[in-house]
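Written below as structure tokens is the structure these notes are about.
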Amino acid sequence: MSLQALIISDGWLEPITQVQVLPSPFFAPRECDEEINLLVVHNISLPAGRFGERYIDDLFLGKLDCTAHDSFCDLIGVEVSAHCLIRRDGSITQYVSFLDKAWHAGVSSFQGRERCNDYSIGIELEGTDDIPYTEQQYQGLAALTLCLQNEYPGIIMENIVGHCDIAPIRKTDPGKVFDWHYFRQQLCEKSIRNRT
Ligand SMILES: [Zn+2]
């Protein structure tokens with residue numbers, strides 16, 4: 001699967017053959033003059049530490065059966081989403097149009113600007129703070145980031161952060177195991193390859 005071929009059309013990733021689209025009800029329109037210039041990297045797994053199940057989709061779609069696992073009782077009534085999820089095998093699901101705000105950041109602040117949902121894109125990696133991410137996830141994230149940077153040039157390298165950076169008291173994701181240096185390296189390499 002060549003993720004480098006991803007493009008964005010009217011806020012959604014294409015081609016649809018490469019990306020699963022599951023529209024979430026948990027979004028709000030952006031203000032029309034709001035520039036998108038922040039990318040926030042998260043992690044999520046449901047139940048914690050278990051991968052490949054459908055519960056993340058269910059949560060973002062508002063369909064999670066909170067009786068399915070003991071730990072899900074904390075999620076009753078929770079309305080959250082992200083623009084995209086990258087699973088362990090690198091496959092991408094999009095839940096919210098990039099033109100809309102996904103509900104991923106919560107109370108947050110970046111360089112003195114609050115309410116990061118207003119001007120950011122949120123990408124979830126299926127994972128935890130202490131289990132290393134897969135090579136496919138780094139490649140998928142780099143390809144997706146490059147595609148987003150082409151569409152939203154305000155997402156410069158310094159404006160790609162973790163949830164832990166914009167909500168440091170509440171959040172730790174994507175965790176210490178996320179290799180920022182390696183990710184930036186992959187992003188630079190893809191960017192150079194695209195230009196030559
Ligand atoms: Zn997060």
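Order of listing sets the numbers, starting from 1, for every ligand and every atom in it. Throughout, residue positions are numbered sequentially from 1 according to the sequence presented. Note that these values count all heavy atoms, side chains included, but never hydrogens, waters or copies made by symmetry.
- Within H163, the N/O/S atom positioned nearest the Zn ion (ligand 1) carries the name ND1.
- Environment of CZ in R184: crowded, with over 12 heavy atoms of neighbouring residues, nucleotides or ligands closer than 6.0 Å.
- Of all the N, O or S atoms in H42, the one closest to the Zn ion (ligand 1) is ND1.
- Here H104 fails the criterion, with no N, O or S atom under 2.8 Å of the Zn ion (ligand 1).
- Between W180 and F178, the ring-plane angle classifies as perpendicular under the 30° and 60° cut-offs.
- A side-chain N or O of S120 and one of H104 form a donor-acceptor pair less than 3.5 Å apart.
- Cation-pi geometry between R113 and Y119 is met: the NZ or CZ atom falls under 6.0 Å from the ring centre, inside 45° of the normal.
- With a cut-off of 2.8 Å, the Zn ion (ligand 1) has an N, O or S atom of D173 in range.
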